[in-house]
Amino acid sequence: MTVEIDTRTDRAPGRLVRPGDRDWDAVRGAFNVLVDQRPEAIALPTDAAQVASVVGWARERGLRITAQTTGHNAGPLGSLDGTVIVNTSALTGVRVDERVRQVSVGAATRWREVTPLLAPRGLAGLHGSSPEVGVAGYSLGGGIGWLSRKHGMQTNAVTALEVVTADGRLVRADHEHEPDLFWALRGGGGSYGVVTGIDFEVQPLKELYAGALFFPVERAADVLHTWTGLLASYPEELTTWASIIHFPPLPEVPEPVRGRSFIVVLVAFLGDEADGSDLLRPLRALGPVMDSLAVQSPLGLNRLAMDPEQPLPFRSTTALLDRLTPAAIEEVARVGGAGSALGLVEFRHVGGALHRAPEGAGARATLPGDIAFLSLGVVPDPAAEPVVREQLLALEAALLPERAGDYPNFVMDPADPSAFFDRATWARLRRVKDAYDPDDLFRGNHHVPPSPTPR
Ligand SMILES: Cc1cc2nc3c(=O)[nH]c(=O)nc-3n(C[C@H](O)[C@H](O)[C@H](O)COP(=O)(O)OP(=O)(O)OC[C@H]3O[C@@H](n4cnc5c(N)ncnc54)[C@H](O)[C@@H]3O)c2cc1C
């Protein structure tokens, strides 16, 4: 469907960028540059009232709406025919109330703008591996990071959401107001409206013992065998990720790792150095070639994972796993180890608080599995694609027997979102959609449609 919008006669509310406009390509870009977003138009409202006007404007023209903050998870949207992107990147603002450990942000906010305000106050948010990820999409889809084994998912730390609904109202959704909408947004995300503001709770944390143990990539199987064997004994205060990382030979990559490959054990321990060292002794005994573990401010967690921060072209795969078997480890080391075409093969120890639904949880109450697996390969040109795809498929096949489910925020391709929830949760998500957006105006990246209409 192509909708003709003549911006000279058909005045849209606020700034609207259309195909052919000078900054079209700059504005429509996603974090994964292989995702070629071609919506009908992109609206850039500067406040909630403008968001509401855009919603009304699009609705009158039979257009659908998808909200976007940073474009870190644009891949699942697929074709954007007949759809307007409402880009919330002008809805800025961060406020910290340290007395009650509450943060309020505009929907433009990225984690990098929040963490530096928290650390000096002895606070930390439940952010993930990349400071460039938006608080909005991260929080609406779940949000797992360094403190999740202890404190759960970010979505359940959210205390209120300001959202423009399909009828153009700006509502505040929390446990007392619009409780069904509040529940559905925390897991069902962008299918219910355009979020303009988010309030969330943060944790007290002055310092922690954190850093990375680097081993040559040739030791991948040894390290993964030892790491896997330790997980069941690790307390919820300790989060470790084991990642094979093939660092690109780019000038912005720090010299000691530039162009080299490692298996890295990343560590965040909510405790002191002595206890942390005890817990990590079996891994240190494997003889890391670099060891950056130190007592530090939670600010150090921002870039601990060394994620890419600039848009890049990639293919990825993911799964939640019950365990990593010895046979799977050997295959992972063979496919993802020295000489692999993949850039990252990451295993995060999850579980702990992620297995327990906190009181008042949203639709994404828990995550199954004890390990979150994520792998990606950079595809700089089409010739690189077949081998990256083949290696991602080989990893999927090796890990399939231990698959426990999916973590939607890591799913970066179109998928069946009903598989991300149990049947009762999915049915409730659709009922809330019926109540708030029966005409299916809003498209989430992992979309929740209204209930099927009876024939
Ligand atoms: C490099 C990288 C590192 C990552 N690390 C982690 C991690 O450690 N832990 C983790 O849990 N996840 C992680 N993710 C996944 C990340 O949480 C998702 O990609 C998330 O959806 C990004 O949110 P965003 O707002 O930045 O992206 P966007 O693509 O802008 O948004 C994703 C979706 O969220 C919804 N949405 C966004 N903004 C709004 C809004 N204002 N109103 C309503 N709906 C909205 C929409 O459905 C949208 O399609 C990572 C992703 C990447 C690429």
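Small disclaimer: the values here were computed from a predicted structure and weren't measured. We count ligands from 1, going down the list as the structure has it; atoms in each ligand are counted the same way.
Salt-bridge formation is not detected for the pair R149/E236: no Lys NZ or Arg NE/NH1/NH2 atom is positioned less than 4.0 Å from an Asp or Glu carboxylate oxygen. A salt bridge is absent between D440 and R443: the closest approach of a Lys/Arg side-chain nitrogen to an acidic carboxylate oxygen does not fall below 4.0 angstrom. With respect to the salt-bridge test (charged N to carboxylate O, under 4.0 angstrom), the residues R28 and D36 qualify.
Because its NZ or CZ atom is both nearer than 6.0 Å to the ring centre of F421 and within 45° of the ring axis, R364 counts as a cation-pi partner of that residue.
Heavy atoms of G145 stay at 4.0 angstrom or farther from ligand 1. Ligand 1 is never approached by G141 to a heavy-atom distance shorter than 4.0 Å.
Comparing Y407, F442, F410 against atom 6 (C) of ligand 1, the shortest heavy-atom distance belongs to F410. The option with the heavy atom closest to atom 1 (C) of ligand 1, from among N445, D307, I144, L140, is D307. Of the candidates R348, Q37, H72, the one placing a heavy atom closest to atom 22 (C) of ligand 1 is H72. When T66, T70, V411 are checked for heavy-atom proximity to atom 24 (P) of ligand 1, T70 turns out nearest.
Ranking the protein heavy atoms by distance from atom 10 (C) of ligand 1 puts Y138 CE1, 3.2 Å first. In this structure, the protein non-hydrogen atom closest to atom 15 (C) of ligand 1 is N409 O, 3.3 Å. Atom 51 (C) of ligand 1 has as its closest protein heavy atom V133 CG2, 4.0 Å. Nearest non-hydrogen protein atom to atom 28 (P) of ligand 1 is G71 N, 3.5 Å.
Per-residue contacts place G143 under 4.0 angstrom from the following atoms of ligand 1 (heavy atoms of the residue considered): 11 (O). Applying the 4.0 Å criterion to heavy atoms of G128 picks out, from ligand 1, the atoms 7 (C), 8 (O). Listed by number with element, the atoms of ligand 1 under 4.0 angstrom from any heavy atom of S130 are 3 (C). Of all atoms in ligand 1, listed by their number and element, those nearer than 4.0 Å to a heavy atom of Q68 are 30 (O). Listed by atom number, the atoms of ligand 1 under 4.0 Å from A67 heavy atoms are 36 (N), 39 (C), 40 (C), 42 (N), 43 (C), 44 (N), 45 (C), 46 (C), 48 (C), 49 (O). Residue G444 approaches ligand 1 through these ligand atoms, each under 4.0 Å from one of its heavy atoms: 47 (O). Close approach of ligand 1 to A107 is summarised as follows: ligand atoms under 4.0 Å from at least one heavy atom of the residue are 41 (N).
Environment of CZ in R95: sparse, with no more than 12 heavy atoms of neighbouring residues, nucleotides or ligands closer than 6.0 Å. No more than 12 heavy atoms of other residues, nucleotides or ligands lie within 6.0 Å of NE2 in H177, so this atom counts as exposed by the packing criterion.
Side-chain atoms of Q50 and T46 include a donor-acceptor pair closer than 3.5 Å. Using modelled atom types, one finds no donor on one side chain facing an acceptor on the other under 3.5 Å when comparing Q310 with E252.
When non-hydrogen atoms are compared, ligand 1 lies under 4.0 Å from the side chain of T88 (C-beta onward) but not from its backbone. In S129, the parts holding a heavy atom less than 4.0 Å from any atom of ligand 1 are both the side chain and the backbone.
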